[in-house]
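Every chain is numbered from 1, with letters handed out A, B, ... down the list of sequences. Remember, it's a predicted structure, so these values are computed and weren't measured experimentally.
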Amino acid sequence: MGKRGERQSERTLVCVIQALMGLELLVELRNDLSIRGFLDDCDNAMNVIIKDAMIEDVEGCQKHMPLIFVRGSNIRFVHIPDNVNIMQAVEERRLVLDRAALAYMGGKGLAPMPKVLETQIPDTADAAI
Amino acid sequence: MATEDDSAVKEPLDLIRLSLDERIYVKLRADRELRGKLHAYDQHLNMILGDVEEVVTSVEIDDETYEEIVRTSKRHMPYLFVRGDGVILVSPPLRTS
């Protein structure tokens, strides 16, 4: 079954929002603004980054913004898309994080060696020494 | 979404736990009310409600007669995440009949 509730996010319902990353949803703010867009990122404080956003105010005025950061405290509602099985999404994300943690720290608790990128710029300072 | 080790009511949040999967009434800040089925909640009172009706109440004062005009607007949403800092109270639905 795995250890549920080990992560800070899993002790609150923020994990539900985090499970919706990558999906299109509607976020309503405390100042009555509605933002429809793709949830790019969500942290434990419910701060969100929304991509390709359409912002609508109470009067119906719409504005498009490519990338928005919203402080979590400003959120009133998050409309969860209809076609999403939320319990499954949360569980899947938890398994992905567990597997990632295991791959990273499996057994010895040492982080694996970082991959050398092919585009890595050669360190000229070393060559000078 | 916590597993229930003890079904005794020890603290106020346990009363909300008794309402899981039941229809509830939630009073929010900014003169809003929600009625829906409680799917999940946490200690911040973040909630997931299903089949929700939102009622927004606004009071306008007529310039000439100074009488209060109470207006309500309703919305229906299938599945909603409510952030806990907006919640004032949670209750079984009021019988309005």
Most contacts with chain A, counted as non-hydrogen pairs under 4.5 angstrom, among B:Gln43, B:Met77, B:Arg32
B:Arg32

Is any side-chain heavy atom of A:Leu13 less than 4.5 Å from a side-chain heavy atom of B:His44?
no

Please determine if B:Arg75 and A:Glu28 form a salt bridge, counting it only when a charged side-chain N lies under 4.0 Å from a carboxylate O.
yes

According to a 4.5 Å side-chain heavy-atom criterion applied to Ile, Leu, Val, Met, Phe, Trp and Tyr, with indirect links allowed, do B:Leu20 and B:Leu45 form part of one hydrophobic cluster?
yes

Check for me, please, whether A:Met54 and A:Met65 land in the same ILVMFWY cluster - side-chain distances under 4.5 Å, paths through other members count.
no

Joint hydrophobic cluster, B:Leu15 plus B:Leu38, side-chain heavy atoms closer than 4.5 Å
no

Does any non-hydrogen side-chain atom of A:Phe77 lie less than 4.5 Å from one of B:Leu28?
yes

Pick one of side chain, backbone, both or neither for B:Asn46, based on which atoms fall under 4.5 Å of a heavy atom in chain A.
both

Hey, could you give me the CD1/CZ distance between A:Ile17 and B:Arg83, rounded to the nearest 0.5 Å?
9.5 Å

Indicate yes or no: at least one non-hydrogen side-chain atom of B:Pro78 is less than 4.5 angstrom from one of A:His79.
no

Would you indicate whether the side-chain heavy atoms of A:Ile86 and B:Tyr79 approach each other to under 4.5 Å?
yes

Using a cut-off of 6.0 Å, state whether more than 12 heavy atoms not belonging to A:Phe69 lie near its atom CZ.
yes

Are A:Val14 and A:Leu23 in one and the same hydrophobic cluster, where Ile, Leu, Val, Met, Phe, Trp and Tyr link if side-chain heavy atoms are under 4.5 Å apart?
yes

What are the two closest non-hydrogen atoms of A:Arg11 and B:Asp42, and how far apart are they?
O-CB, 4.4 Å

Are A:Phe38 and A:Leu26 linked, directly or through intermediate hydrophobic residues, by side-chain heavy-atom contacts shorter than 4.5 Å (ILVMFWY only)?
no

As an exercise: rank B:Leu80, B:Val82, B:Asp85, B:Val52 by heavy-atom pairs under 4.5 Å with chain A and give me the winner.
B:Leu80

Which atoms of B:Leu34 come close to chain A, meaning under 4.5 Å heavy atom to heavy atom: side chain ones, backbone ones, both, or neither?
side chain

Between A:Arg76 and B:Ala30 the two heavy atoms that sit nearest each other are NH2-CB, 3.9 Å

Does B:Glu68, at its CD atom, have more than 12 non-hydrogen atoms belonging to other residues, nucleotides or ligands within less than 6.0 Å?
no

Where does B:Arg29 contact chain A at under 4.5 Å (heavy atoms): side chain, backbone, both or neither?
neither

Less than 4.5 Å apart, side chain to side chain, heavy atoms only: is that true for B:Ile48 and A:Val16?
yes

